[in-house]
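Contents: one structure, followed by commentary.
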Amino acid sequence: MKISSPRGTSDILPDQIAAWQALEQTARTLFKTYGYSEIRTPVFEDTGLFKRSLGETTEVVNKQLLEVKSQREGAADDAAFALRPEGTASVVRAYNQYDLGREEFLSKLFYIAPMFRGERPQKGRLRQFHQIGAEAIGRGADHPLLDAEIIALSVELLKSFGLSDFKLKINSLGSAQDKQKFADWLRAELKDKISHLSDTCKDQYERNVFRLLDSKDEDCKKVVQGLNIGTRHLSDSGLKYFEEVKKGLDQLGVAYEVSSQLVRGLDYYTHTVFEISYAGLGAQDALGAGGRYNGLIEQLGGGDRRFPEPVGAIGFALGMERILLALEAQGKTVVSKPSIDVFAVAGKLEFEKDVFALVNLLRENGISADMDFGCGRAVKKQFDQANKLGARFVLVLGEEEMRHGTVGFKNMFTGDQTDVPRNEIILKIKSML
Ligand code: HAM
């Protein structure tokens, strides 16, 4: 029986790898420009970390955590691990664990990594997917211009991947107190309107009323659309902060739309939240999202009594699979083309060992080289293989060449062929690369 990859996961095959590497390379370069350093955290963490940060009532924790169980006998405690559904919680855990704030006023960290959620798979929604994410954490992170910078960075990333026509929505949830006020107001407004809604919506009303604002349920959507939310929940300082963020975005020339219904599906957010979508993707149209999460550092045991300033934090994550889908929809897919400097061909099976030695010599000299392991396949077949690998030059060791101590040399771009003395072949190729 053939075994396939688990549902909701996919292999990235060699002909797709150039597109992935292009995203990664572009992201790394841009992160450097903005002063971000890479961080790599474990693929699994204590389940409690996600419960405490993302929130027990969120879909991600409540329904989608993929738990890791140890087979080791008596390893009861080991059962309490889960594959990371996102990167923020782990980065904050690491920030606290290594006391990164002791030395750094502001830690700017990025990651490019696989994430795992037990979702119902569909186009653009996977159980293993990849995020390009960034988190700015520290005493220097509580500044509206940093919100503008990080939003601009996520937009700039998408642009530099070659994407266009995406839309940025922003909103502010305000401080923790503002957010509570917002939740109370929502409950009061919806109290008389939820009786005819589905059980799921009623449950969301009870457990996490914000979820109703991005519900996919049609009845619920209608009710929510009738709400006049605005910025009523924001205190003066919350409102002022949001105004500064918007001014920062205007200054950077970043186009945005303010959406008072944007609340995000994870509990840790306060103040600024944002989402970038591309309509061409259909139902799963979010290319990326992020926001501020000022209280999370303390909530996970961090925070710094040594310094007067509170620790702030803001970040985002972009979904790589969705970016690639959007690039495909816009006809901008990067195609992988194999390429190698040299392919060496054996005119006869008995010269295979000499070809093997020649390939090895080329590699020792930093020239990428390969050969056919076909046990004496016809020369034509070996040339076909050279073409498939995108070889620039083909070297042939046949009867004549072996007798005269030469190598047949063919330039695959121009078609030119010559004989080159064996001891000159490295210099010849190097001069042409
Ligand atoms: P999120 O909105 O859950 O936020 O995910 C960010 C992006 O990851 C989404 O917009 C989407 O592109 C992609 N994504 C999420 N789930 C899936 C899935 N099942 N299949 C494919 N792509 C998916 C976060 O993860 C936050 N940690 C973002 C953040 C960072 N906030 C602050 N810092």
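Index from 1, following the sequence. Remember, it's 1-based here, ligands and their atoms both numbered in the order they're listed.
Of the heavy atoms in Phe274, none comes closer than 4.0 Å to ligand 1. Using a 4.0 Å cut-off between heavy atoms, Leu287 contacts ligand 1 through its backbone alone, with no side-chain atom that close. Only side-chain heavy atoms of Gln131 come within less than 4.0 Å of ligand 1; its backbone N, CA, C and O stay farther off. Residue contacts with ligand 1 for Arg125 involve both N, CA, C or O and side-chain atoms from C-beta outward (heavy atoms, distance under 4.0 Å).
When each of Asn360, Leu358, Val342, Val355 is tested with Met371 by the rule side-chain contact (heavy atoms from CB on, under 4.5 Å), just one qualifies, namely Val355. The side chain to side chain donor-acceptor pair (under 3.5 Å) with Tyr241 is formed by just one residue from the set Thr272, Asp147, Asp236; it is Asp147. Considering Phe242, Trp185, Phe182 as possible partners of His233, the one that fulfils the ring-ring contact (aromatic ring centres under 6.0 Å, His included) test is Phe182.
The distance criterion of under 3.5 Å between nitrogen or oxygen atoms is not met by Leu266 with respect to ligand 1. Close N/O approach between Phe316 and ligand 1 is found [any backbone or side-chain N/O within under 3.5 Å]. On a distance-only criterion, Leu126 and ligand 1 share at least one N/O pair closer than 3.5 Å. Residue Tyr293 places no N or O, backbone or side chain, under 3.5 Å from any N or O of ligand 1.
Among protein heavy atoms, atom 26 (C) of ligand 1 sits closest to Tyr268 OH, 3.4 Å. In terms of protein heavy-atom proximity, atom 18 (C) of ligand 1 is nearest to Phe129 CD2, 3.4 Å. Nearest non-hydrogen protein atom to atom 12 (O) of ligand 1 is Ala286 O, 2.9 Å. For atom 13 (C) of ligand 1, the nearest protein heavy atom (residue, atom name, distance) is Gly319 CA, 3.7 Å.
Within the model, atoms CD1 of Ile323 and CD1 of Ile276 stand 9.0 Å from one another, a figure rounded to the nearest 0.5 Å.
There is a side-chain donor-acceptor pair under 3.5 Å between Tyr268 and Thr88. Between the side chains of Tyr293 and Glu135, at least one donor N or O sits under 3.5 Å from an acceptor N or O. Looking only at atom types and distance, the side chain of Asn171 has no donor-acceptor partner in the side chain of Ser259 under 3.5 Å away.
Of all atoms in ligand 1, numbered sequentially from 1 with element shown, those under 4.0 Å from a heavy atom of Gly290 are 31 (N). Close contacts of ligand 1 with Glu86, meaning ligand atoms under 4.0 Å from a residue heavy atom, involve 25 (O), 26 (C), 27 (N). For ligand 1, the atoms sitting less than 4.0 Å from at least one non-hydrogen atom of Glu135 are 30 (C), 32 (C), 33 (N), numbered in the order shown with element in parentheses. The contact set between ligand 1 and Gly124, taken as ligand atoms under 4.0 Å from a residue heavy atom, comprises 20 (N), 21 (C), 22 (N). Close approach of ligand 1 to Tyr269 is summarised as follows: ligand atoms under 4.0 Å from at least one heavy atom of the residue are 26 (C), 28 (C), 29 (C), 31 (N), 32 (C). The atoms of ligand 1 that sit less than 4.0 Å from any heavy atom of Arg264 are 1 (P), 2 (O), 4 (O).
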Please step through salt bridge (Lys or Arg N to Asp or Glu O under 4.0 Å) for the pair Glu149 and Lys108, ending with a clear verdict.
-> CA-CA 12 Å; Glu149 181 186 281; Lys108 286 178 152 185; 2.9 Å; yes
Would you please test Arg52 and Asp267 for salt bridge (Lys or Arg N to Asp or Glu O under 4.0 Å) and show each step?
-> CA-CA 9 Å; Arg52 275 170 61 185; Asp267 276 0; over 6 Å; no
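The shortest heavy-atom distance from Glu119 to ligand 1 is under 4.0 Å.
Two rings, from Phe44 and Phe116, have their centers 6.0 Å or more apart.
Residues satisfying the side-chain hydrogen bond (donor to acceptor under 3.5 Å, both in side chains) test with Glu243, not counting sequence neighbours, are Lys246.
A heavy-atom distance below 4.5 Å is found between the side chains of Ile229 and Leu213.
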